[in-house]
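Scope of the values below: all heavy atoms of this structure, side chains included, with no hydrogens, waters or symmetry mates.
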There are 2 protein chains.
Amino acid sequence: MENGTGSLEDDRKALSVTGIRATNQRAIVLEVISRGQGHLDADEIYRRARMNQPHISLSTVYRTLQAFKKLGLIDELHFDEAHHYYEIKPAFEHQHLICLGCGKIVEFECPLSQKMKKDVARENDFEVTSVEVRMTGYCPQCRQDRT
Amino acid sequence: MENGTGSLEDDRKALSVTGIRATNQRAIVLEVISRGQGHLDADEIYRRARMNQPHISLSTVYRTLQAFKKLGLIDELHFDEAHHYYEIKPAFEHQHLICLGCGKIVEFECPLSQKMKKDVARENDFEVTSVEVRMTGYCPQCRQDRT
DNA sequence: TTACAAATGAGAAGCATTAGCAATAAGGAA
DNA sequence: TTCCTTATTGCTAATGCTTCTCATTTGTAA
Ligand SMILES: [Mn+2]
Ligand SMILES: [Mn+2]
Ligand SMILES: [Zn+2]
Ligand SMILES: [Zn+2]
């Protein structure tokens, strides 16, 4: 009946475990973020969620994003200063490289960041909770088009 | 006559060199950012600028910030997602460590970031134009208060 | 099935930033 | 110095993302 992809049911279960109520809206938002190759903003998530659930409201999307963030299900990224982007909390830590020409985002692993983290923590007597490395530049194609 | 601190005159000269018109508003904004220990947002710059020039408008502050950024006189930073912060383009490259408890910002140098930059550029065939490292955590005092 | 708190939808509100436009002032030419 | 041209300003309204409000609906544990 309800478009049984099965995956949505998995999402509901994942939500139940966390202790918050497993609503359709939340299951769909989680599904959209999981499928989408990461790096979706609130409005894009809203647009995709409406395909499954035309009446979902943008407010709910925002609220859900906040809830997921607090639960640690997703990460919030700030590539530009106008939007937030969201991705499923990744299994392996990674950083982002953004093309200023076309907006393409490349993920890369960064083993050095762990060393940096330790160094900085020690030198400043801080407890460091997160390290974010953001690089910008131009991808091969955009570099060519520029000249 | 006009509150001759001398420094403002220096600012005007610095502006003339760049080719844009050296207005009082621009000189004062540059002065405020130079004096302020970096990391001021638009509204704080506006508040401080008004001490010297009560009629300066917030729009002008924003426009000036954009102009300075384009000229490379200042850097724009995104510590939290709600504001931009500005600092004079620093002589030595540095990164930022932000206390989630009290908001304190510590600057640190990061020689490793240059190596990271080269590695990432090579591996992804990108021309990398900027590397930003942002760490968050808790300073000694806030760590204590937390428990 | 019932009861109650949690979550939703719709719209208004908030807030940093930008745009539009008439008035002003900077800087080069005369 | 004075004049002209045009960049820049101040004011206000608009924009765009995000959060808030509140009446209504829904999930969940008895
Ligand atoms: Mn990613
Ligand atoms: Mn700094
Ligand atoms: Zn590109
Ligand atoms: Zn602190």
Side-chain angles (χ1 to χ4, degrees), chain A residues 2 8-9 11-30 32-33 39-71 73-74 76-86, chain B residues 2 8-9 11-30 32 39-50 52-71 73-74 76-86:
Chain A
E2 12 237 29
L8 265 186
E9 267 319 303
D11 292 325
R12 305 185 73 90
K13 273 177 204 130
L15 289 174
S16 292
V17 172
T18 69
I20 66 172
R21 291 188 179 174
T23 65
N24 286 320
Q25 292 87 335
R26 284 172 173 165
I28 283 162
V29 167
L30 189 54
V32 165
I33 303 177
H39 317 135
L40 306 175
D41 67 8
D43 202 65
E44 179 62 26
I45 292 167
Y46 174 52
R47 233 173 291 132
R48 297 191 189 185
R50 263 193 303 187
M51 292 176 166
N52 269 287
Q53 188 156 329
H55 286 304
I56 192 172
S57 102
L58 185 54
S59 297
T60 297
V61 171
Y62 274 106
R63 274 185 300 236
T64 301
L65 258 11
Q66 286 308 112
F68 287 180
K69 186 169 63 158
K70 188 173 299 177
L71 288 172
L73 291 175
I74 61 176
E76 183 184 79
L77 308 169
H78 356 81
F79 294 147
D80 61 72
E81 44 280 329
H83 302 70
H84 302 164
Y85 293 83
Y86 300 87
Chain B
E2 9 236 30
L8 265 186
E9 266 320 303
D11 292 326
R12 304 185 73 89
K13 272 176 205 133
L15 289 174
S16 292
V17 172
T18 68
I20 66 173
R21 291 187 180 175
T23 65
N24 286 321
Q25 292 87 336
R26 282 171 175 166
I28 283 163
V29 168
L30 188 54
V32 165
H39 319 134
L40 306 175
D41 67 9
D43 201 66
E44 180 61 27
I45 292 167
Y46 174 52
R47 236 174 287 134
R48 298 191 187 185
R50 262 193 304 186
N52 269 288
Q53 188 157 328
H55 286 304
I56 192 172
S57 100
L58 185 54
S59 294
T60 297
V61 171
Y62 274 107
R63 275 185 299 235
T64 301
L65 258 11
Q66 285 308 112
F68 288 180
K69 186 170 64 158
K70 189 174 298 176
L71 288 171
L73 291 176
I74 62 175
E76 183 183 81
L77 308 168
H78 356 79
F79 293 147
D80 62 69
E81 44 279 331
H83 301 71
H84 303 163
Y85 293 83
Y86 299 88

Rounded interatomic separation in angstrom, taking [atom1] from [X] and [atom2] from [N]:
| X | N | atom1 | atom2 | answer |
| --- | --- | --- | --- | --- |
| A:Leu65 | D:dC17 | CG | C1' | 13 Å |
| A:His55 | C:dT8 | NE2 | C1' | 13 Å |
| A:Leu71 | C:dA6 | CG | C1' | 14 Å |
| A:Tyr85 | D:dT18 | OH | C1' | 15 Å |
| A:Tyr46 | D:dC17 | OH | P | 13 Å |
| B:Ile56 | C:dA25 | CD1 | C1' | 15 Å |
| B:Arg50 | D:dT9 | CZ | P | 17 Å |
| A:Ile28 | C:dG9 | CD1 | C1' | 15 Å |

How close do [X] and [Y] get, heavy atom to heavy atom, and via which atoms?
| X | Y | result |
| --- | --- | --- |
| B:Tyr46 | B:Ser57 | CE1-C, 3.9 Å |
| B:Leu77 | B:His39 | CD1-CD2, 3.8 Å |
| A:Asp11 | A:Ala27 | OD2-O, 3.5 Å |
| B:Val32 | B:Leu40 | O-CD1, 3.8 Å |

For [X], salt bridge (Lys or Arg N to Asp or Glu O under 4.0 Å) partners two or more places apart:
| X | answer |
| --- | --- |
| A:Arg63 | none |
| B:Glu76 | B:Lys69 |
| B:Arg21 | none |

Per-nucleotide protein contact string for nucleotides 13-23 of chain C (B base, S sugar-phosphate only, - none; heavy atom under 4.0 Å): ---SBBBB---
Before accepting this row, confirm whether a basic side-chain N of the pair A:Glu44/A:Arg48 lies closer than 4.0 Å to the acidic partner's carboxylate O. yes
End axis versus end axis in the helix from C:dT1-D:dA30 to C:dA30-D:dT1, the angle rounded to 10°, five pairs used at each terminus: 30°
Would you say B:Gln25 reaches D:dG10's phosphate, i.e. side-chain N/O to OP1/OP2 under 4.0 Å? yes
May I ask you to verify if any side-chain N or O of A:Gln53 is less than 4.0 angstrom from the OP1 or OP2 atom of C:dT8? no
Please tabulate the protein-to-nucleotide N/O contacts below 3.5 Å involving nucleotides 28-30 of chain D, giving atom names and distances.
from: D:dT28; atom 1: OP1; to: A:Ala22; atom 2: N; distance (Å): 3.0

Rounding to 0.5 Å, atoms CD1 (B:Ile56) and CZ (B:Arg47) come to a distance of 14.0 Å
State which residue, out of A:Thr60, A:Ile74, A:Leu65, fulfils the side chain to side chain contact (heavy atoms under 4.5 Å, CB included) condition with A:Val29. A:Leu65
